[in-house]
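Values in this document were obtained by computation on a predicted structure and should not be read as measured data. Throughout, protein chains are lettered first and strands after them, A, B, ... in sequence-line order, and every chain is numbered starting at 1.
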Amino acid sequence: MFDVNKCASKVAGRRFTSAVLTLTVASLGIVFSAAPARPSDTPKDRDKEAEHEMIQQLLVQIEELKSRVHDLEERQLVPAPLPNFVSSVAAAPASSSALPPAPASTPPTPAHTADVPQSGGGPLGGVQLRLFGDLGYHATDLQGDTNTFYIGSLDMFMTGTLTDRVSVLGEVLFTSSTDNSVKPDVERLLLQYKQNDHLRFGIGRYHTSIGYYNPTFHRGAWFQTAIGRPFMYAFDDDGGAFPLQEVGITFDGRLPSGKLGLEYTAEVGNGRNHLFVSDPAQNRQDVNNGKSVNFALSSHPSWVSGLDVGFSIYHDYLTFDDNINHSEIISTVHVVYTNSTYEFLNEAALTRHVGTSTGAPGIFHTPGFYTQFSRKFGKYRPYFRYQYINAGVAEPVFGDPTDGPVIGRRNGPSFGVRFDFNDHAAWKLQYDHFTRRGSDTISDRTIRTYNGLATEFSFAF
Amino acid sequence: MTRRVLLSFVLLTAAALLFWPITSSISAADEVDVIVNKANTISDLPLPDARKIFLGEKTTWPSGKRVSILMLAQGQPERAVILREIYKMSEADYSKYFLQAAFAGKVSAPPKDVPSAAQVKQVVAENPGAIGYVKKEDVDDSVKVVLKFP
């Protein structure tokens, strides 16, 4: 592609080359013209004549070289073909007005073959690779917890277009575990087919469209204003409550709804594995024949730009080591408003599990919500978040330490500020004041209040 | 000393007020036209629809052709107009928006930057699904104007 900076550097290079050649010629001229005139019948005179001829020859060669350099530079100044032009095109008509950044010497675009840039994925979009990452420091006065520096994750995100309608999305994550190991994880691998704006089909491993936060922010810490995800959206492989990543098929698109701007997502997947010490996402083998089903609907009304209102409902059967099935329904609702200055996120969820841990009849509800507000002041964005989730101690899924991490009750406010160094890197500082009942190792009724201070650097490029 | 500071402040403020309308009028005086291929069936593009298209939310034309968005390279005055009028974003917000949209799987690539208005017009003229924008004086009969700013 034509690059103004490259062009400028080439022009500068040409000037430099010309200057060198001119200086050379001038130096030669000065050196030889400085010699005093003498009669031409001596051997010295003959030598001088020979030198003069040599100078003339050198000058001719220099002129030839200058001409060749000029030709080469002219060729290089021709704009490179736009990547991915679909059709061969003729020279463009001259623009009637010269635009400021365009160099005056830009020749008409020559015939070439390249493709049209595609939005939303085109046949010629190629492979896009993005890297995201975060690292930081966290301190807390919670008994049993230690202050620590940490590596969050290194996220390699790739998208590629295979045909006009088919694309691939891949995300490989290198994340640190509590045992200090860093392991690669295929976070997402999704083959997508887009029929039109109303129907897109995908198959593979995806982040479930439960609520707003999960499908919006995924693993990218840089995208998130605050440090860490809300409790209710903690990743399931980090001890979270919801099945946020699954293997299956997805459908999504826009509904013909005019100014309401309705969008839907429907997903059918393996659900999550709740066998202890196993990967929550059932990548290869489902432990039961039941499939999880999720449906989400959201509205982006055109009359309030930045408003997003929606709900989702998820159902699955969880099978434990004891072969007891628990029906699970997760309902969420969200009202979100974002623009370049303000961010106001509000979400609530209610999880319903059927059957006790011993298989006896019983229904258990786990509510959760968070609200987050931030406002941008230049490069600074102070924020506030309050979050809450409360799973009962008798909850068969969230309260039984033999079946997985205990959710218990967690609630409290967080205050922080985000500073964006530029468009690709940010620093955050956050203070947390949390109350917690239950822990990962023991299901109890002890309530602990603690404070936390965290800082994080995140980047995306 | 205080008087000098006050005087400097007043002079600077006056200078800013004096030149601000001039600099604003430079961009305001140039009409920017959104253009599509002449074969495109639409003849008028309402602003809300234009916004959906440029945001990558609407990716096909009524004819079924795929939308291909062309953006002039950073620093071009027409681009500033489109960012302000259609995207309602700064350059940084625009960049973040498409990064996040790609991360969410909504788009696989952001709009492609094109270095000159002549090339925008050329690509639009040659590709039925392309949409771009140029100054009014750059428009000719090789493309179709569907929206005008201001």
**Student:** Parallel, tilted or perpendicular: which one describes the rings of A:Tyr212 and A:Phe217, with boundaries at 30° and 60°?
**Tutor:**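 Aromatic pair A:Tyr212/A:Phe217 classed perpendicular.
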**Student:** Is the NZ or CZ atom of A:Arg219 positioned over A:Phe157's six-membered ring, under 6.0 angstrom from the centre and within 45° of the axis?
**Tutor:**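 That pair does not qualify as a cation-pi contact.
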**Student:** Can you tell me how the ring of A:Phe419 sits relative to the ring of A:Tyr380, calling it parallel under 30°, perpendicular over 60° and tilted otherwise?
**Tutor:**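 Rings of A:Phe419 and A:Tyr380: tilted, as their planes differ by 30° to 60°.
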**Student:** Should the pair B:Arg79 and B:Tyr94 be classed as cation-pi, given the thresholds of under 6.0 Å to the six-membered ring centre and 45° from the axis?
**Tutor:**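 Because its charged atom sits under 6.0 Å from the ring centre and within 45° of the axis, B:Arg79 does stack over B:Tyr94.
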**Student:** A:Asp155 versus chain B, heavy atoms under 4.5 Å apart: side chain, backbone, both or neither?
**Tutor:**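 It is the side chain, since no backbone atom gets that close.
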**Student:** Quick one: of B:Ala101, B:Gly64, B:Gly105, B:Ala125, who has the most non-hydrogen atom pairs under 4.5 Å with chain A?
**Tutor:**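 Option with the top pair count is B:Gly105.
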**Student:** Could you check which of B:Met71, B:Glu57, B:Lys52 has the highest count of heavy-atom pairs closer than 4.5 Å to chain A?
**Tutor:**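 Result: the option with the highest number of such pairs is B:Glu57.
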**Student:** With respect to chain B, which residue among A:Glu171, A:Arg200, A:Gln192 yields the maximal number of heavy-atom pairs within a distance under 4.5 Å?
**Tutor:**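 Among A:Glu171, A:Arg200, A:Gln192, the one with the most close pairs to chain B is A:Arg200.
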